[in-house]
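Only a predicted model underlies this, so the values are computations on that prediction, with no experimental measurement involved.
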Amino acid sequence: MGRIGTLRRAPEIVAVFAKHGFAGYIKDLGLAEKIPFTRRGVKEQNVKGEQLRRALEELGPTFMKLGQFLSTRTDLLPPSWTGPLAKLQNSAPAMPFEEIQKIVEAEAGQPLDEWLMYMEEMPLGAASIGQVHRAALKDGTEVAIKIRRPGIEPVIRNDVSILRQLASLAERNSELARQFSLKAVIDDFATALGREMNYRMEALEAAGVREAMKEKRIYVPEIYPEWTTERMLVMEYVNGQPLRGDMIAGIEKEERQQLARALSETVLRQVFIDGIFHADPHPGNLLLLQDGRLGLIDFGNTGRLSDDMKHLLSDCLFALADRDAAALSMLVLEMGSRKPVDRRVLQRDISRWMAGYMDVELADVKMGAMLQELFTVAGSHHISIPKDFVQVGQAFLKVEQTVIALDPGSSLSGMVRDMAHEVLMGRIHPKEIMRESRSFIRLMKMAAGKLPGILNETLNEWEGGQPKLKMHITADENIMKRIERMASMIVLSVMMLAFSIVMAGIFVSMRNQSPLTGTNAIHIGMVTALIMTIIFLVVIYLMWRKIK
């Protein structure tokens with residue numbers, strides 16, 4: 001879609017939101033006067049997440065993905081909005097097999113019968129972006145082939161471009177948009193959607209999770225990178241049934257407990273130890289295999305945590321376990337803020353949030369919901385929660401729901417407490433200490449290499465009598481008022497000194513006056529002194545008012 005398509009699509013998007021009751025929000029975002037759209041039938045109403053879900057469904061796959069993305073942003077939206085958005089269904093009508101065959105042959109670079117024994121025409125599943133078919137390689141290995149829908153790329157690319165333009169326009173015209181950093185939100189969404197559409201990225205993430213998997217009761221399918229492309233993913237077919245209510249009811253109690261613990265420990269280990277985790281472990285992405293194991297599928301939504309982020313997250317949980325609101329507020333601030341934050345107010349709000357868990361054992365707490373509430377508190381102070389941390393909260397929330405369905409008596413929080421010792425020991429393990437020491441020495445070596453040059457440059461400037469002092473002052477109303485007051489005081493002091501010198505000169509000249517010059521000079525001096533005094537007092541009064 002070119003420029004003309006963009007011009008047509010933007011008013012359509014705004015009109016759909018207005019039709020579902022968002023005309024007031026469109027005005028608040030500064031878009032009502034910038035984007036032409038028909039106002040016929042538009043009426044104001046008290047909209048919630050349900051109306052937003054309907055609007056996004058009407059606008060198509062890109063916006064449905066946007067809704068699913070926003071459902072995870074509890075730091076931006078309250079539960080009354082994120083709840084309905086989480087129910088957005090990613091289903092779509094199946095594409096004709098003839099179209100699928102053309103794509104598969106184009107991506108493989110050869111006809112189907114040259115590298116596949118068969119490929120079933122009926123899809124295993126069809127979503128808004130991709131479609132999955134069962135097949136078998138020439139050696140008899142059964143595989144699942146996921147194909148990206150033809151023609152979806154330009155549609156999504158155009159919609160994302162429009163969203164970016166609307167966000168940029170809104171931030172120029174609306175304080176509300178700037179408050180929510182709308183451009184940054186759309187950029188994060190575009191990045192996440194781009195990764196999900198690139199099946200090579202999904203293959204890499206699935207291979208990473210498979211390699212790090214330690215739990216024998218959780219199985220990750222093998223990926224076949226030699227056949228995988230950006231538009232086609234080929235992975236091992238796992239024969240199992242989705243882990244839903246009727247299936248769970250048929251499993252023995254002891255078996256359910258073992259599966260619940262294995263799943264919990266897997267996700268916790270992925271987050272705190274491995275640093276790569278499945279961010280969407282809901283029942284639809286878990287299959288009960290014939291041998292009793294759980295198969296983990298669909299790696300389009302995965303997260304990665306650096307060592308620093310893993311440490312920050314574990315420190316947050318340790319502070320929470322110790323009910324240390326001061327430490328937790330400092331750790332939350334480390335995540336980054338969009339505006340200056342009042343630390344005392346933040347600590348007060350975190351203390352109030354924490355008070356709701358004071359009399360509850362950590363083992364009885366719902367970890368996913370608790371993290372979502374913490375992100376909401378942080379969001380109310382304009383603190384931007386890193387995307388990976390939001391994914392951790394969603395992963396905990398979804399796996400907790402599955403674990404409770406398997407074993408109502410189990411608790412993810414209790415397992416977090418049990419794993420805390422292992423996490424702490426990992427932090428003080430000799431290998432970890434050596435790694436951090438090597439990193440520290442590397443940084444010190446780099447700094448030491450730059451230091452002589454910096455010192456030499458500084459000394460040359462001092463020797464030449466041209467030292468430079470660079471300062472960066474952020475514009476702040478209170479700081480500017482204090483600077484203005486200081487400047488006024490300096491000017492006032494200079495004026496008082498000047499007045500004193502002038503008055504002293506007048507009185508000295510009067511005292512040394514010769515009788516030959518006559519008596520009028522004394523009168524002139526007195527009048528001059530009086531006028532100077534009146535002027536000075538008026539100036540002093542005006543400046544004092546300004547300083548106050």
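For the 3.5 Å distance criterion, the side chains of His311 and Asp308 fail to qualify, holding no donor opposite an acceptor.
For the pair Gln347 and Met330, the minimum side-chain heavy-atom distance is 4.5 Å or more. Side-chain contact between Ile186 and Gln165: absent, with no pair of heavy atoms (C-beta onward) separated by less than 4.5 Å. In this structure, the side chains of Lys398 and Asp280 come closer than 4.5 Å at one or more pairs of heavy atoms. With a 4.5 Å cut-off on side-chain heavy atoms, Thr82 and Arg73 do not count as touching. Contact of the Leu163 side chain with the Ile13 side chain is not registered, since no non-hydrogen atoms from C-beta on lie closer than 4.5 Å. For the pair Phe389 and Leu371, the minimum side-chain heavy-atom distance is 4.5 Å or more. Here the side chains of Val392 and Leu305 are in contact, with some heavy-atom distance below 4.5 Å. Within the 4.5 Å cutoff, side-chain heavy atoms of Leu56 are placed close to those of Leu85.
In this structure, the side chain of Asn173 engages the main chain of Leu169 through a donor-acceptor pair within 3.5 Å. Between the side chain of Glu171 and the backbone N or O of Leu182, at least one donor-acceptor pair lies under 3.5 Å. Side chain of His282 to main chain of Gly284: a donor-acceptor pair is present (N/O by atom type, distance under 3.5 Å, no hydrogens or angles).
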_Please determine whether side-chain contact (heavy atoms from CB on, under 4.5 Å) holds for the pair Met309 and Leu313, giving the CA-CA distance in whole Å, both sets of side-chain angles, and the decisive distance to 0.1 Å._
CA-CA 6 Å; Met309 294 184 77; Leu313 180 60; over 6 Å; no
*Phe69 and Asp188: CA distance, side-chain angles, deciding distance, side-chain contact (heavy atoms from CB on, under 4.5 Å) verdict*: CA-CA 9 Å; Phe69 173 79; Asp188 286 346; 3.8 Å; yes
*Using the side chain to side chain donor-acceptor pair (under 3.5 Å) rule, take Ser168 and Arg172 through it: C-alpha gap first, then chi angles, then the decisive distance, then the call.*
CA-CA 6 Å; Ser168 180; Arg172 287 199 301 268; 3.2 Å; yes
_Quick one, Glu153 with Arg148, criterion salt bridge (Lys or Arg N to Asp or Glu O under 4.0 Å). Give me CA distance, side-chain angles, the key distance, then yes/no._
CA-CA 9 Å; Glu153 301 100 313; Arg148 195 167 66 195; 2.8 Å; yes
_Run the side-chain contact (heavy atoms from CB on, under 4.5 Å) test on Ile152 and Met197 for me, step by step, so that the C-alpha distance in whole Å, both residues' side-chain angles and the decisive distance to 0.1 Å come before the verdict._
CA-CA 10 Å; Ile152 194 70; Met197 290 183 63; 4.1 Å; yes
*Go through the steps to decide whether Val14 and Phe22 satisfy the test side-chain contact (heavy atoms from CB on, under 4.5 Å), and finish with yes or no.*
CA-CA 9 Å; Val14 176; Phe22 290 91; over 6 Å; no
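Asp159 CG to Lys65 NZ: the interatomic distance, rounded to the nearest 0.5 Å, is 14.0 Å. Here the straight-line distance linking atom OG of Ser329 with atom CZ of Arg348 works out to 12.5 Å at 0.5 Å rounding. Between the CG atom in Leu312 and the NZ atom in Lys310 there is a gap of 13.0 Å [rounded to 0.5 Å]. To the nearest 0.5 Å, the span separating CG on Asp298 from NE2 on His278 amounts to 6.0 Å.
In terms of heavy atoms, Val403 sits closest to Ser264 at CG2-OG, 3.1 Å. Across every non-hydrogen atom of Ser71 and Ala86, the tightest pair is CB-N, 3.5 Å. Smallest separation of non-hydrogen atoms from Val220 and Val209: CG2-CG1, 4.0 Å.
For the pairing with Glu205, the side chain to side chain donor-acceptor pair (under 3.5 Å) check across Arg200, Arg195, Arg210 returns one residue only, Arg195. Here the rule is side-chain contact (heavy atoms from CB on, under 4.5 Å) with His381, and of Val332, Ile350, Val345, Leu333 only Val345 fits it. Residue Phe277 is tested with Arg304, Gln270, Arg269 for a side-chain contact (heavy atoms from CB on, under 4.5 Å); the sole match is Gln270.
Between Phe396 and Phe272, the ring-plane angle classifies as tilted under the 30° and 60° cut-offs. Between Phe63 and Phe17, the two ring planes are perpendicular [angle over 60°; tilted spans 30° to 60°].
Between Glu58 and Arg54 there is no salt bridge, since no side-chain N of the basic residue sits under 4.0 Å from a carboxylate O of the acidic one.
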